[in-house]
Amino acid sequence: MPSSHRRLIHPHDQQILNDEPRELAPEEARSFSYSEPSLIGGLHTISIKQTITAPVEEGSGSTARRVAHIDPLSQSFVMAPRFSLPPNAVDSVYPTPGISVEHTVLPHIVLKDPHLPWSRAPSEAHVTPNEDAGNVQSCTTWLALLVFSLDELQLSQTQIQHVLQRMPEEVDRKQSETCTLKMLSRQTPGLGGIQGLVNTTGLSEKLDAKDSAEVTEVIILPGSLFTDLFVDAEGPADKLNVSGYNFMAHARNIATDGMPNAGAESDEAICSVVISRRTGPIVAEEPSMMIAHLVSLSWDQDMPVPNNSDLVAMTSLYSWTYTCLASKNMASTRHSLTNLGEHLTVLRTGNEADEHPPRLPARIEEGLLDLPALIAARSRDGYTLARHQTVTGEVTAAIVRGPLVPTQVKHPLPNITMQSNFGNDLAIFDPKLKMMDTTYSNAWQLGRTMAMADNAFCAALSRLRKHVHAFSLDAAKREVHSVFGDDGHGSRHCAAGRMVDLLRDLDRINEPLSTRGGSATTTGANRWPMAVETDGTGEEEKGQVMKNEHNTPVNPDYAVVYSWVLDKVHLANVPAQYLLPNPAFLPQETLRFFFLDANWVDALIDGALSLANHWGAKPEEDTARTAIKEAINKGPRTPDETLGGRHVQMPQYGFLLRSHFLTRFPDLAVEVTFSETLENPSKTNIKPPANTPAQQGILVQKRIAPDTMYILFDAAPPDLQRIAFTMPPHQRCFKVGHDLTADELTITIKKINTTASRPEAGETLGERHFKSDGTTDAVFDWKTRTLNPAIFSKYLVRELRDGMKEEFEDKIPTSAVTALQLNEGILQLDIGDVSTTSVPEPIPIFQLSAPTKASISP
């Protein structure tokens, strides 16, 4: 029964079981110039021509055959976004709202639908004739991402009244934060027929009738800026041309390994990316707010070319703001990544790592009280103070910590068994600090609360307990009756002979109650106080394979309980205040490592399994709970041959990351490397399908806040050797070049192969310099801060063909090659050699605690 919380593990197991190869290996990406849908949006005419002939009838005297032609025509309309994007259509944007970037960045938007930029087409009047005819490497797009400064879009109240003079009163006469005017799609024709205003929205009352009730947003541009952006520099000045924007949109297929949403649907994702051709202000002494708009290029075919003094209305489908840094302040993504790796430590208060493992001061070990040192020692162990109410009602303080601890904790703890009926007996008194440690009692109560909140789990556990009890009771009866020479299911004659004993026992059944003067309870004496030897799931029957969540369970209730328990072992749905009892453990811009306290998880599971206990007055007498735990324990300690002899992976180690970097790059990828010879017996060498790792390195990768994420591994150092953070390929920023001044643009030409061979990472063809005076190729316009994509793409193909010869075979410029050139290089934060931080002793395989057989024998 696969779990969404452990979605990284289950697909990996399925690939091994089904021997399914992957197209992309981890960290690989594939770029496409376009991903055209089967039919673009709009009106389509369907015609079918069919010719039917029949042989000449006998005796007719005619030699001609009868022929009938059927040529039916029908029209259909393909729906596609027109005035607004569908909900959740945007995967991510860069720069993300609120962050600051350098002026060389070209903003981009990632769309979840890989066909969206090509789902419509601009009007034929605004593209180069026969642009797409016979061209399989390029396709016209109807979307463009443009960047504006505030003064380019902001209107005075007089201008707003002039633009909206034909609009009804309910249309708001105020611009939004991104300088848009909101209205219904059917109201956009009211922007036409106004002197000095050119309307590009192009609503058709017939074709766009279904979209007429949509809310849309409109931006108003100066006519001079509009013509600079949409008149081809190499073409006639009186003709609008949007063909160059083909090079600013492409599709990308990526492997999602190590990303927060990895495994949600598959190991791969395909999306579309639209890049802006405008940069921020080139010469600026102060940071400035920039506004990015995803605009429609599907205009009215008969719209005129605006004059410089005109205003132009355009449809904006999505918009956001960000800050462009002054040219002199070049804070980069590299600096942000470096900052994360400068202060690595474990999960506790303080920013610096200890050079030596923490230990109690000598005065405390000798029995002398040194309260400040004692508190510091407990703090280094991950404890914090919490409000605590005793059973008698007094409010006092207690020490507590969560499942994520800075030091390795022995499991199981001596002199304590994580099996309780109430949880209070799991609180530990600290004799030195004179305070209660309520860590495990809190975990027990949390587990019980989470179980009671899950109706399906409660029902399954109750039925499973009943099944286990009935199975065990029957086995106990057989054992007792075997003393009398039968199996407990003798003949009718034998049963009749025991009727006298049965009646005598019925008369005495209430004697213990009357002698004690008490009343009957659900936890009274058990007539068959025997240790349960089986879980009652039928999995020990001959020929049964081990339960691994991918095969058909013998007992569906046990499958529900088993999956629920494994989820909680992986901290599924554990509230954040339990993971981080003290917010000071994880300051801003920090990376903190931790061990997983198996005792905390053990107490959590025991609290959940304590429900539906109708037989055990004492924890050790709850034999059904013990049996269920023993059945679950078989998974981690027993190799599963169907999965290559691998054990069930259990979390042991991990880290918490809190950084604004996660908000800038939501799909920040994490890569881990393990040792070849692993001390943990849960690792085995198997031969997986193509492009599939031998085992899933990351067990859980979850965001608990927009800027906070935790990751769980099933190995700790020295088995865990390396951790690397990599910018996701579809969220790396695009830059016009690595240096842009008032008179020069510097670009480094990357090596891009179109053959099977691959260049080494970082290989280039050297730098190219472009002057603002136009003495070189006019790839950039300093006046409008825009890249000329058509000229730049042609220049790029020419340089690659000259510099790489047979390794680059393309002759036609494409958006995929242009995007690879503009894409910022892959930055990676490599957390050194983690294996040097060895644990004191190997971590044993996780097992749920259960009373020993001696403690539950009669």
Side-chain angles (χ1 to χ4, degrees), residues 5 7-8 26-27 92 94 96 98-99 256-264 332-353 382 402-406 570-572 574-596 651-674 696-717 720-728 731-732 826-834 837:
H5 183 75
R7 64 179 184 272
L8 300 179
E27 298 187 358
S92 62
Y94 188 87
T96 52
I99 73 167
T256 59
D257 302 73
M259 300 180 188
N261 292 326
S332 65
T333 305
R334 182 186 302 273
H335 297 150
S336 300
L337 272 176
T338 304
N339 181 60
L340 279 178
E342 289 180 347
H343 303 288
L344 299 177
T345 183
V346 292
L347 189 65
R348 57 174 173 237
T349 55
N351 292 321
E352 301 298 333
L404 314 179
V405 294
H570 290 75
L571 305 181
V574 173
Q577 63 267 27
Y578 285 86
L579 299 177
L580 286 171
N582 188 346
F585 289 169
L586 191 66
Q588 286 282 359
E589 305 304 322
T590 53
L591 176 68
R592 298 290 172 94
F593 294 93
F594 59 78
F595 291 89
L596 188 64
Q652 299 179 353
Y653 194 73
F655 67 81
L656 273 156
L657 171 63
R658 185 182 182 190
S659 171
H660 77 286
F661 213 78
L662 289 175
T663 60
R664 295 175 62 183
F665 301 101
D667 290 337
L668 182 69
V670 181
E671 179 191 2
V672 293
T673 304
F674 299 98
Q696 183 60 41
I698 299 176
L699 303 188
V700 175
Q701 184 172 359
K702 186 175 181 180
R703 300 277 286 273
I704 57 178
D707 64 342
T708 307
M709 171 181 71
Y710 74 85
I711 287 183
L712 299 180
F713 308 114
D714 68 336
L720 178 64
Q721 293 189 328
R722 172 179 170 268
I723 301 174
F725 297 91
T726 307
M727 295 170 57
Q731 290 177 348
R732 299 203 319 266
I826 299 177
L827 295 180
Q828 188 177 75
L829 171 62
D830 200 329
I831 307 296
D833 188 3
V834 186
T837 330

Which residues share a side-chain contact (heavy atoms from CB on, under 4.5 Å) with Q577, sequence neighbours left out: P575
Closest contact, heavy atoms only, P706 versus R703: O-NH2, 2.6 Å
Residue pair I698 / L712, side-chain heavy-atom distance below 4.5 Å: no
Validation row: R592, P587 side chains within 4.5 angstrom (heavy atoms): yes
Spatial distance of atom OG1 (T726) from atom CD (E671) [nearest 0.5 Å]: 6.0 Å
Contacts of type side-chain contact (heavy atoms from CB on, under 4.5 Å), residue P581, not counting sequence neighbours: T384, F585
Student check: side-chain heavy atoms of D707 and R658 closer than 4.5 Å: yes
Contact check, side chains of V670 and L657, non-hydrogen atoms, under 4.5 Å: no
Sub-4.5 Å side-chain heavy-atom contact between F674 and L720: yes
Interatomic distance, L404 atom CG to L586 atom CG [nearest 0.5 angstrom]: 10.0 Å
Inter-residue atom distance Y710.OH - Q701.CD, 0.5 Å rounding: 11.0 Å
Steps toward side-chain contact (heavy atoms from CB on, under 4.5 Å) verdict (V700, I711): CA-CA 5 Å; V700 175; I711 287 183; over 6 Å; no
Beyond-backbone contact of P403 with L571, side-chain heavy atoms, under 4.5 angstrom: yes
Aromatic ring pairing F655/F713, orientation class (parallel under 30°, perpendicular over 60°, tilted between): tilted
Derivation of the side-chain contact (heavy atoms from CB on, under 4.5 Å) call for L656 and L580: CA-CA 10 Å; L656 273 156; L580 286 171; 3.8 Å; yes
Any L662 side-chain heavy atom under 4.5 Å of L668 side chain: yes
Spacing of CG belonging to L699 relative to CD belonging to Q652, to within rounding of 0.5 Å: 9.0 Å
